[in-house]
A.B. asks: 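What follows is a structure written as structure tokens; I'll ask about it next.
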2 protein chains.
Amino acid sequence: MRTYGQYCAVAKALDLVGDRWTLLVVRELLARGPCRYTDLRNGLPGIATNLLADRLRDLEQAGVVSREEAPPPVATTLFSLTSRGEELAPVLRELLRWGMPLMQQGPAPDDVFRAQWMAWPATMRLTDREPDAPPVTIQVLADGEPAFLETSGGGVHLTVGRADHPDAVLRGPARVVLGLLTGQIDLDAAAAAGLECEGDRVALERVLPDAVAV
Amino acid sequence: MRTYGQYCAVAKALDLVGDRWTLLVVRELLARGPCRYTDLRNGLPGIATNLLADRLRDLEQAGVVSREEAPPPVATTLFSLTSRGEELAPVLRELLRWGMPLMQQGPAPDDVFRAQWMAWPATMRLTDREPDAPPVTIQVLADGEPAFLETSGGGVHLTVGRADHPDAVLRGPARVVLGLLTGQIDLDAAAAAGLECEGDRVALERVLPDAVAV
DNA sequence: CCGCATCCGGGGCGATACTG
DNA sequence: CAGTATCGCCCCGGATGCGG
């Protein structure tokens with residue numbers, strides 16, 4: 001294992017999670033929970049399959065990831081974060097904070113996008129304004145990638161995939177959807193930038209953040 | 001420039017600061033302030049000089065580092081963080097937090113140590129218990145690397161080098177000094193572990209943290 | 001299909017030498 | 001003092017193969 005050879009906490013941390021792709025593997029496991037190998041590959045477009053296997057081995061040995069064989073009938077391997085791995089959440093959160101301004105200019109020509117990458121930025125700003133009312137569900141399609149928002153316990157969380165009977169549907173470019181969910185633009189500005197919006201407007205205004213000036 | 005090609009804030013951040021050595025360069029500039037090239041080399045033992053030059057170029061183009069030619073009589077180049085670069089402080093802080101547990105087992109056989117690597121961990125826990133009393137200075141020598149603590153405005157900050165007339169002197173292995181300054185062990189335990197302690201005991205107890213159980 | 005292992009080409013990285 | 005030049009090597013990226 002390659003190390004910096006420095007008796008410094010930052011260097012020691014980077015010895016374990018500083019390699020290329022490593023923190024992105026952790027990002028996937030934090031955003032989606034326990035994952036199969038194939039799910040990870042899908043959430044890490046561009047990674048070579050041998051590298052993913054390498055990183056999972058390294059992370060397992062570092063005590064960050066644990067591997068469990070799911071029993072039949074599933075009969076697959078599930079990768080999940082250990083408690084030590086979940087403690088990397090603040091690191092990822094601050095990296096996300098620092099990187100958010102870079103998202104405003106939109107994706108590069110051949111950037112890929114995945115719905116789960118909205119989970120953290122969204123739940124950082126979204127709250128349920130009427131926690132005692134019946135829960136609502138909002139389907140989101142950003143660049144065609146499906147996810148849905150659900151109110152629960154005063155907060156809002158995002159799940160990858162399609163909801164059964166959503167109260168509203170938001171559809172548009174990832175940049176616009178992300179700007180809306182993170183409070184950088186409001187519904188009117190989003191609509192002007194290409195957001196399609198169907199269903200219950202009240203449900204939307206219940207969870208969407210107030211846009212703040214930048 | 002190599003990118004992950006993902007429209008995700010974390011990936012965009014790592015595109016800029018995820019390369020090997022990059023965050024450690026930022027660590028040095030955060031801990032020491034504006035630095036000369038040679039200072040950086042000394043604070044980054046193990047880095048190849050061409051890599052340091054590369055990283056500084058990349059960081060400059062990313063808007064993280066700025067380069068300024070100091071006027072005569074100094075006549076040298078100073079590298080410093082831009083405001084955007086200083087916003088990486090929370091990322092480094094969380095990385096440090098996560099890496100701290102890895103420091104308890106002490107340095108690896110050929111780990112190097114530099115005094116400025118104590119600056120962040122120390123100032124995270126140290127406070128001046130008597131902010132209205134005259135300021136005190138404590139010389140620290142960890143593995144022979146000199147630095148000194150000064151009280152100022154209710155806080156304590158660490159500077160690399162030697163103080164003129166310190167009120168007390170602490171000398172010992174880096175692991176012990178670090179454990180003491182971060183409140184993992186108390187003065188008695190540190191003394192038992194090889195810490196030498198001279199000078200005004202009252203000054204020490206004024207700034208040292210209460211040890212907490214781990 | 002899922003979870004890799006193997007092979008191979010290119011370039012990032014590491015060490016040393018050298019220079020204005 | 002602040003880099004550039006050079007040269008291996010191994011990490012990384014991409015493709016393919018392969019056992020369960």
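Proteins come first, then strands; the chains are lettered A, B, ... in the order of their sequence lines, and each starts at number 1. Computed from heavy atoms alone, side chains included, the values below leave out hydrogens, waters and symmetry copies. No experiment lies behind these values; they were computed from the predicted model shown.
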A.B. asks: Among C:dC4, C:dG3, C:dG12, which nucleotide has an atom closest to any side-chain atom of A:Phe79?
C.D. replies: C:dC4

A.B. asks: Give B:Arg41 one of three labels, base, sugar-phosphate or nothing, depending on what nucleic acid heavy atoms sit under 4.0 Å from its own.
C.D. replies: nothing

A.B. asks: Kindly indicate whether the side chain of A:Thr127, heavy atoms from C-beta on, has any atom under 4.5 Å from the side chain of A:Val156.
C.D. replies: no

A.B. asks: Is A:Glu87 salt-bridged to B:Arg97, cutoff N-O under 4.0 Å?
C.D. replies: no

A.B. asks: Can a side chain N or O of A:Thr76 be found less than 4.0 Å away from OP1 or OP2 on C:dG3?
C.D. replies: yes

A.B. asks: Spell out, as yes or no, whether a donor-acceptor pair under 3.5 Å connects the side chain of B:Glu145 to the backbone of B:Ala115.
C.D. replies: yes

A.B. asks: Starting from the C-alpha separation in whole Å, work towards a yes-or-no answer on side chain to side chain donor-acceptor pair (under 3.5 Å) for B:Ser66 and B:Glu60.
C.D. replies: CA-CA 6 Å; B:Ser66 76; B:Glu60 196 180 357; over 6 Å; no

A.B. asks: When you measure from the centre of the six-membered ring of B:Phe113, is the NZ or CZ of B:Arg175 under 6.0 Å away and within 45° of the axis?
C.D. replies: no

A.B. asks: Flag the pair B:Lys12 and A:Asp111 as a salt bridge only when some basic side-chain nitrogen lies within less than 4.0 angstrom of an acidic carboxylate oxygen.
C.D. replies: yes

A.B. asks: Any residue in residues 42-57 of chain A with a heavy atom nearer than 4.0 angstrom to DNA chain D? Just list them by number, or reply none.
C.D. replies: A:Gly46, A:Ala48, A:Thr49, A:Asn50, A:Leu51, A:Arg55

A.B. asks: Mark yes or no for whether B:Tyr4, through its side chain, and A:Trp21, through its backbone, hold a donor-acceptor pair below 3.5 Å.
C.D. replies: yes

A.B. asks: Among residues 14-26 of chain B, which contact DNA chain C at a heavy-atom distance under 4.0 Å?
C.D. replies: B:Arg20, B:Trp21

A.B. asks: Please find the earliest and latest nucleotides of DNA chain D, in the 5' to 3' direction, that have an atom within less than 4.0 Å of any heavy atom of chain B.
C.D. replies: D:dC1 to D:dG13

A.B. asks: So, are B:Arg206 and B:Asp128 salt-bridged, with charged N and O less than 4.0 Å apart?
C.D. replies: yes

